Protein chains: 2
Amino acid sequence: MPDEDVVVPKVGIRDVARAAGVSVTTVSHVLNETPHTRTSEATRDRVRSIARDLGYTPNRLARGLRTRTSDMIGLLTEEIATTPHAGRIILGAQEEASRHNLTLAIINSHLDAGADARRADARALIERQVDGIIYATVFHHEVSVPRELRAVPAVLIGALDRQGVVPAVLPDEASGAADLVALLVDAGHRRIAFANSSIEVPATQGRLVGYLRGLEEAGIPRDDRLIASGVSEAAGGYEASLELLDREDRPTAIFCYNDRMAMGAYRAAQELGLRIPDGISIVGFDDQAPIAASVYPALTTVALPHYEMGAWAVATLTRLVQSSSTSWYRSTHPTWLPCPVVLRESVAQINR
Amino acid sequence: MPDEDVVVPKVGIRDVARAAGVSVTTVSHVLNETPHTRTSEATRDRVRSIARDLGYTPNRLARGLRTRTSDMIGLLTEEIATTPHAGRIILGAQEEASRHNLTLAIINSHLDAGADARRADARALIERQVDGIIYATVFHHEVSVPRELRAVPAVLIGALDRQGVVPAVLPDEASGAADLVALLVDAGHRRIAFANSSIEVPATQGRLVGYLRGLEEAGIPRDDRLIASGVSEAAGGYEASLELLDREDRPTAIFCYNDRMAMGAYRAAQELGLRIPDGISIVGFDDQAPIAASVYPALTTVALPHYEMGAWAVATLTRLVQSSSTSWYRSTHPTWLPCPVVLRESVAQINR
DNA sequence: AGAGGTTGCCAAAAGGTTTTGGCAGAGCGG
DNA sequence: CCGCTCTGCCAAAACCTTTTGGCAACCTCT
């Protein structure tokens, strides 16, 4: 029983015009509140109320065809949708888009699908006449953006444009790491170890740089015996921590490359009979969704600004679109967004 | 220096036609491989190669206007984008959409934004002429779908339509839970506790039902002293586990409502000096991204079919769209997708 | 040679909107 | 009453496709 679901024939601007006894021009002007146009208040009211009564729903496809803008922006994620972080980026982008009355169209390219597939994906977005494209990648290597992206304003998340022509946003991992070290130093630690990831990605470099900078700013000399590495998972953190803790003059704190490695550090500490944080302080990186808060004791770590990067991307994109279409490719410096320290319970104050 | 970035005027189907010396009709037919149309092989080749050379990019807005279909499907998530699971749903939907040559437009509604906001979001998608809408919610309460959704084929993820008119897909939590219990039973356990969540959501009910069914199928009598509950986080799991383990005849296994609570159980076990899995076996639910695999010992748990639900949703939606537009609202049973057990290391074989 | 079928292509309409360039009428000053 | 400026509205073109209906030309029989 299709209750009141009689098939309602689509009502268009024409129907509104007819019902209101005006031209479609007038309806369009009224509904869009076109400036510099003259329509009596009476007519405006009539048009508006009739449009409402008729249940008029504008057709944005038609509108887009005429105005040559779709009010859509494309989010091209490269493998990233697979990572737990992806949701935050998408959410940030989506909410910022909503704020600007834009809609987000997303496509995920598999990393191993090759450059051709990625170009096809970009093209698909462009065929849809998106006003701009966000290209988000997992590791911020330098990247040469698919040339189709030149056809349309674009911004990069998590990667640098090799030609330096496309605006990019990245997490400022180094500063985050340095802040974390500063936090440890403030708590009285001076023998601070670093369990880095053994695979070479920009994050590895950035966090190491930040660690060293943190030490330097505290006037603590670098000690390479306090730097270990392992695979960027619990197992790697376990082994690296064992190595770091298995000596006379053991560190009082371990800074792990990421939260997963920190989990390994927790295990190592437990096996050595060291309580966290009193026996050993441990910090991580990533503030990975449920881990950091669920573990005991809750892990002090650094959050990545995924949401913020997503939002930044669509914000800059809209600026780009607004600005003269000939100037948007002006060379820009990448934007580094801060990675805030998330204070929890895995760091103890120690007496110096 | 805008290298070869001279502003290329958009090339349309008309330009291709002119260059090829044929009509736009022919170009359209050739490029779309319209069936039942006759064009010589020579002309086809010419058109295709000219289109390629000119870099013709079809305008899907215009196409959609004419064909009255946008090849877009809308994903309306209600708060869900905030949860770590969201990414998987989106990914599943996206990849299935790609397979059908569709694009996914997503909008996230905040739960607290109220029904009006959600209706506005639905309307925004409809204005974009999406061919169908997926409405995904966090908790699968029954839900009365925004009436705007009646205007367009729709499917539900994680919720039931109160009117029973919109197809819905849900995780079969009960069976997953029963499987988990069966696994424990197979390993020799008979005193199996359940640490449930204290808040009332469908999942609470479903997992409890599955737990009980698992026991029954194993011929183990229900023992309510083995059922505890707490907040659905590490803290709640900790307290519930303490309560369950603090007795003479303690259980040999604890089934936790979710992985976060399982983390609490791990802590409780540790404090009581029970090794996992030998002293006590622990299982969770959700297979929450990095937790379950990173913890030591790795947690045996049950995965939710988020990806599969996303994919199912767009698959059914495309079927709905294809089928006669008058029949798509036929009443349907909800689809329950299996929650597979993920075997890891937190369960020990014990001798009966 | 005419009928009838095929082949290969095309002109024009349609889809729903925005935007341009007006045009009538009212009001007003002279 | 003429000329001028506003006011309030409109017709038609444009955006880029797809699709309908048909038309020449050619071929094949009889």
Side-chain angles (χ1 to χ4, degrees), chain A residues 8-48 50-51 54-72 126-131, chain B residues 8-48 50-51 54-72 101 123-124 126-131 151:
Chain A
V8 153
K10 278 270 186 186
V11 14
I13 201 176
R14 245 196 303 263
D15 304 298
V16 178
R18 198 172 313 123
V22 298
S23 72
V24 297
T25 306
T26 304
V27 176
S28 174
H29 284 153
V30 170
L31 262 26
N32 294 322
E33 303 184 358
T34 317
H36 307 310
T37 203
R38 300 170 305 242
T39 317
S40 69
E41 205 44 56
T43 316
R44 307 170 84 92
D45 284 350
R46 187 155 37 94
V47 167
R48 276 193 282 254
I50 292 199
L54 257 43
Y56 169 63
T57 311
N59 181 332
R60 301 196 57 162
L61 253 49
R63 176 175 211 274
L65 179 59
R66 180 62 232 240
T67 60
R68 330 199 49 153
T69 127
S70 62
D71 286 353
M72 290 202 307
I126 291 175
E127 288 184 2
R128 290 226 140 77
Q129 311 298 113
V130 293
D131 296 338
Chain B
V8 151
K10 279 269 186 184
V11 13
I13 202 176
R14 245 198 304 266
D15 305 299
V16 179
R18 198 174 311 123
V22 297
S23 72
V24 297
T25 305
T26 304
V27 176
S28 174
H29 284 153
V30 170
L31 262 27
N32 294 323
E33 302 184 358
T34 317
H36 309 310
T37 203
R38 299 169 304 242
T39 316
S40 69
E41 203 46 55
T43 315
R44 306 169 84 92
D45 284 351
R46 187 154 36 92
V47 167
R48 275 193 283 254
I50 291 200
L54 256 42
Y56 169 64
T57 310
N59 180 333
R60 305 202 45 166
L61 252 49
R63 177 175 211 274
L65 181 58
R66 180 62 234 240
T67 60
R68 329 202 55 161
T69 124
S70 62
D71 287 353
M72 291 202 306
N101 246 295
R123 204 151 36 219
I126 291 175
E127 287 184 5
R128 290 227 140 78
Q129 311 297 114
V130 292
D131 296 337

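As the structure is a prediction and not an experimental result, all values here were calculated from the model. Chain A is the first sequence line, chain B the second, and so forth, proteins listed ahead of strands; every chain is numbered from 1.
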(request) For B:Thr34, enumerate each residue passing the side chain to side chain donor-acceptor pair (under 3.5 Å) test, keeping only those at least two apart in sequence or located in another chain. (result)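 With sequence neighbours excluded, B:Thr34 shows a side chain to side chain donor-acceptor pair (under 3.5 Å) to no residue whatsoever.
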(message) Once rounded to the nearest 0.5 Å, what's the spacing between atom CG of B:Asn59 and atom CZ of A:Arg128?
(response)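 Taking CG in B:Asn59 and CZ in A:Arg128, the distance rounds to 10.5 Å.
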(request) Quickly, which of A:Val47, A:Ile50, A:Thr43 forms a side-chain contact (heavy atoms from CB on, under 4.5 Å) with A:Val27? Name it, please. (result)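 Testing A:Val27 for a side-chain contact (heavy atoms from CB on, under 4.5 Å) against A:Val47, A:Ile50, A:Thr43 leaves exactly one candidate, A:Val47.
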(message) With side chain to side chain contact (heavy atoms under 4.5 Å, CB included) as the criterion, how do B:Leu31 and B:Tyr56 come out once you've worked through the C-alpha distance, each side chain's angles and the decisive distance to 0.1 Å?
(response) CA-CA 10 Å; B:Leu31 262 27; B:Tyr56 169 64; 3.6 Å; yes
(message) I want to check one thing: is the phosphate of C:dT7, taken as OP1 and OP2, less than 4.0 Å away from some side-chain N or O of B:Thr39?
(response)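 Checking C:dT7 against B:Thr39, no side-chain N or O comes under 4.0 Å of OP1 or OP2.
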(message) At 10 degrees resolution, what angle do the end axes of the helix from C:dA1-D:dT30 to C:dG30-D:dC1 form when each is taken over five base pairs?
(response)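 The angle separating the two end axes equals 60°.
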(message) Testing the basics here: between A:Asp131 and A:Ser70, what is the closest heavy-atom pair and its distance to 0.1 Å?
(response)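 Scanning both residues, the minimum pair turns out to be OD1-N, 3.1 Å.
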(message) For chain B and DNA chain D, what are the first and last nucleotides along the strand, 5' to 3', with at least one atom under 4.0 angstrom from a heavy atom of the protein chain?
(response)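 Listed 5' to 3', the contact boundaries are D:dC16 to D:dT20.
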(request) State, yes or no, whether a side-chain contact exists between A:Thr57 and A:Val11 at a heavy-atom distance under 4.5 Å. (result)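 The answer is no, as the side chains (C-beta and beyond) never meet within the 4.5 Å cut-off.
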(message) In this structure, how many angstroms lie between the P atom of C:dC9 and the CZ atom of B:Arg44, rounded?
(response)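 Between P of C:dC9 and CZ of B:Arg44: 10 Å.
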(message) For A:Glu33, I'd like to know if atom CD has over 12 heavy atoms of other residues, nucleotides or ligands within 6.0 Å.
(response)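 No, CD of A:Glu33 has 12 or fewer neighbouring heavy atoms, counting only those of other groups under 6.0 Å.
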(request) Indicate, with a heavy-atom threshold strictly under 4.0 Å, whether B:Thr25 touches base, sugar-phosphate, or nothing. (result)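 It contacts base atoms.
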(request) Remember a base hit wins even if backbone is also touched, and classify B:Thr57 as base, sugar-phosphate or nothing at under 4.0 Å, heavy atoms. (result)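 Result for B:Thr57 = sugar-phosphate.
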Give the table of side-chain donor-acceptor pairs shorter than 3.5 Å for residues 13-24 of chain B, with sequence neighbours excluded, one pair per line with atom names and distance.
residue, atom, partner, partner atom, Å
B:Asp15, OD2, B:Gly12, N, 2.6
B:Ser23, OG, B:Thr25, N, 3.3
B:Ser23, OG, B:Thr26, N, 3.2
B:Ser23, OG, B:Thr26, OG1, 3.2

(request) Specify the residues of residues 58-68 of chain B, ordered by number, for which at least one heavy atom lies under 4.0 angstrom from an atom of DNA chain D. (result)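 Those residues whose heavy atoms fall under 4.0 Å from DNA chain D, taken from residues 58-68 of chain B in numerical order, are B:Pro58, B:Asn59, B:Ala62, B:Arg63, B:Arg66, B:Thr67.
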(message) Measuring from the side chain of A:Ile13 (C-beta onward, heavy atoms only), which nucleotide among C:dT19, C:dC9, C:dT18 has the closest atom?
(response)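 Of all the options, the side chain of A:Ile13 is nearest to C:dT18.
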(request) Output the residues of residues 26-38 of chain B in contact with DNA chain C, where contact means a heavy atom of the residue under 4.0 Å from an atom of the strand; sort by number or write none. (result)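 The answer is B:Thr26, B:Arg38.
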